[in-house]
Amino acid sequence: MNELMATLEQNGSLVIYLLIDMAVAILLLGGIRYTMGFIGNVNTKNELAINDNFAYGISLAGSVAAMGIALSGAITGELAGSYSAELIGMLTYGLIGLLLIKAGRYIHDKFALPDFHKQDQILQRNISVGLVDAASVIATAIVVRAALLWAEGLGIQTFVAIFCAWIISQIMLVMITRIFEWRFSKNNGISFQATLEKGQMAVAIRYSGYLISTAMSVTAASYFVVYDAQSLWVGITQWTIMSVILMLALTLLTAIAKFIVLWGINRREEIEVQDNIGIATVELTTSFAIALLLMALMA
């Protein structure tokens, strides 16, 4: 504690940067609830405190977490050069993050899970859909954060790079959803989306693990690519190729890890038929652990 106080005394400007960053972050985090209410034409107070809609609360929690994840990629501190530059950078990147997270939710609704209206299901207290919604925005935010850390500056090229990384993430998330849905339908003779509509929690938890770990593999791919505004498209192409390679590696390694961790257990029966949320949660954490290890190895 004494060392911390001494550091703060010697670097008074660090405190100012911290205050600027936290003020903007808290402002944007607070705005998430009202943005969701405005866009969805929903009285958030009624849903959260009067109707006690747990599904809506989970969805909102995912959005708040996603905003925090994205903002963590916007903080530069003293590297910004001035207080005004830090303020402008935080606000700009924060708003970009907010827009991309909301756009990612729209893409997920329309292209990944188009067979039902996610917002209606959440308002009808479908907790499974609320979980999936939270996971999808968190997955998008993970990649947005990676893009903010990868790109540099506030120029047009920077925004193009961030947008392209977001596009890559959305394509990958839709791809993993189609693969997941195909396997589920093949094994059960019923569509994955219809199962979500019925409120099956275990399948929602397993799928959430796939979404978040896939986003982490896309993030790991960014570690291989050096940002260069002069050869931006080369970098984006390299990121895309590495994302596909790491997603395949993640799929293989996760399958092996789940087989070992849950040795002797019929995972499909437990999760897809018996709705065993305990086994599904073990699968989610295993996917997360492997993706985290991949990120650490590639960093």
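Count residues from 1 along the sequence.
Within a 6.0 Å sphere centred on CZ of Phe288, heavy atoms belonging to other residues, nucleotides or ligands number 12 at most. Counted within 6.0 Å of CZ on Phe163, heavy atoms from surrounding residues, nucleotides or ligands total 12 or fewer; the atom is thus considered open. Shown here is Leu91, whose CG atom has more than 12 heavy atoms of other residues, nucleotides or ligands within 6.0 Å. When the shell of 6.0 Å around CZ of Arg268 is examined, it contains more than 12 heavy atoms from other residues, nucleotides or ligands. The neighbour count for Asp120 CG, taken as heavy atoms of other residues, nucleotides or ligands under 6.0 Å away, is above 12.
Annotation: side chain of Leu173 is not in contact with side chain of Ser136 (no heavy-atom distance under 4.5 Å). No side-chain heavy atom of Ser128 sits less than 4.5 Å from a side-chain heavy atom of Lys198. Side-chain contact check for Leu246 versus Met298: some heavy-atom pair is nearer than 4.5 Å. Side-chain contact between Ile256 and Ile290: absent, with no pair of heavy atoms (C-beta onward) separated by less than 4.5 Å. Between Ser59 and Arg105, the closest side-chain pair of non-hydrogen atoms falls below 4.5 Å. By the 4.5 Å heavy-atom criterion applied to side chains, Asn51 and Tyr56 are not counted as neighbours. The shortest side-chain heavy-atom distance between Met247 and Val218 does not fall under the 4.5 Å cut-off. Using a 4.5 Å cut-off on side-chain heavy atoms (C-beta onward), Ile69 and Val144 make no contact.
Taken to the nearest 0.5 Å, the CD1 atom of Ile50 stands 9.5 Å off from the CD atom of Glu47. The CE atom of Met295 sits 11.5 Å away from the CG atom of Leu250 when rounded to the nearest 0.5 Å. Here the straight-line distance linking atom CG of Asn41 with atom CG of Asn43 works out to 9.5 Å at 0.5 Å rounding. Atoms CD1 and CG, on Ile279 and Leu284 in that order, are 13.0 Å from each other to the nearest 0.5 Å. Taken to the nearest 0.5 Å, the CG atom of Asp133 stands 4.0 Å off from the CD1 atom of Ile122. Note that the NE2 atom of His117 and the CD atom of Gln124 stand 10.5 Å from one another [nearest 0.5 Å].
Ring pair Tyr210/Phe180 is perpendicular by interplanar angle, where above 60° counts as perpendicular and below 30° as parallel. The aromatic rings of Phe259 and Trp263 stand perpendicular to each other, their planes meeting at an angle above 60°, with 30° marking the opposite boundary.
Judged purely by atom type and a 3.5 angstrom limit, Asn126 uses its side chain to pair as donor or acceptor with the backbone of Glu197. Not a single donor-acceptor pair under 3.5 Å links the side chain of Arg145 to the backbone N or O of Gly68. Arg178 places a side-chain N or O within donor-acceptor distance of the main-chain N or O of Ala112, the cut-off being under 3.5 Å. The closest donor-acceptor contact from the side chain of Asp275 to the backbone of Met201 lies under 3.5 Å. Remark: the backbone N or O of Met90 is not paired with any side-chain donor or acceptor of Asp21 at under 3.5 angstrom. A side-chain donor-acceptor contact under 3.5 Å links Thr285 to the backbone of Val282. In this structure, the side chain of Trp166 does not engage the main chain of Ala147 through any donor-acceptor pair within 3.5 Å.
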Stepwise side-chain contact (heavy atoms from CB on, under 4.5 Å) test for Tyr93 and Ile162: CA-CA 10 Å; Tyr93 284 139; Ile162 294 170; 3.8 Å; yes
Steps toward side-chain contact (heavy atoms from CB on, under 4.5 Å) verdict (Thr177, Leu211): CA-CA 8 Å; Thr177 300; Leu211 290 178; 4.1 Å; yes
Check the pair His108, Thr140 against side-chain contact (heavy atoms from CB on, under 4.5 Å), reporting the backbone distance first and the verdict last. CA-CA 10 Å; His108 193 257; Thr140 296; over 6 Å; no
Report the C-alpha distance between Met36 and Val42 in whole Å, list the side-chain angles of each, state the deciding distance to 0.1 Å, and finish with yes or no for side-chain contact (heavy atoms from CB on, under 4.5 Å). CA-CA 8 Å; Met36 279 186 64; Val42 174; over 6 Å; no
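Under the 4.5 Å side-chain heavy-atom criterion for Ile, Leu, Val, Met, Phe, Trp and Tyr, Met67 and Leu27 are members of distinct hydrophobic clusters. The hydrophobic cluster containing Val225 also contains Met172, counting ILVMFWY residues as joined when their side-chain heavy atoms lie under 4.5 angstrom apart, directly or transitively. No continuous path of hydrophobic side-chain contacts links Phe192 to Leu131 [ILVMFWY only; heavy atoms under 4.5 Å]. Leu149 and Val24 end up in different hydrophobic clusters when Ile, Leu, Val, Met, Phe, Trp and Tyr side chains are linked at under 4.5 Å. In terms of hydrophobic clustering, with Ile, Leu, Val, Met, Phe, Trp and Tyr side chains grouped at heavy-atom distances under 4.5 Å, Val203 and Ile58 are assigned to different clusters.
Side-chain contact annotation: Tyr227 with Ser222, donor-acceptor N/O pair under 3.5 Å absent. Side-chain polar atoms of Ser287 and Lys258 form a donor-acceptor pair below 3.5 angstrom. Between the side chains of Ser191 and Glu181, no donor-acceptor pair of N or O atoms lies under 3.5 Å.
The minimum heavy-atom distance linking Ile101 with Ala70 is given by the pair CD1-CB, 4.2 Å. Of all the heavy atoms in Ser217 and Thr214, the pair that sits closest is OG-O, 2.6 Å. Ile20 and Leu87 make their closest contact through CG2-CA, 3.9 Å (heavy atoms, listed as atom of the first residue, atom of the second, distance). Of all non-hydrogen atoms in Trp150 and Val226, the two that sit nearest each other are NE1-C, 3.8 Å. Here the closest heavy-atom approach between residue Ser63 and residue Ile32 is recorded as CB-CG2, 3.6 Å. Nearest approach of Ile168 to Ser243, heavy atoms of both residues: CG2-OG, 4.1 Å.
Taking the ring centroids of Phe184 and Tyr207, they lie at or beyond the 6.0 Å cut-off.
Salt bridge annotation for Arg267-Glu270: absent, with no cationic side-chain nitrogen under 4.0 angstrom from a carboxylate oxygen.
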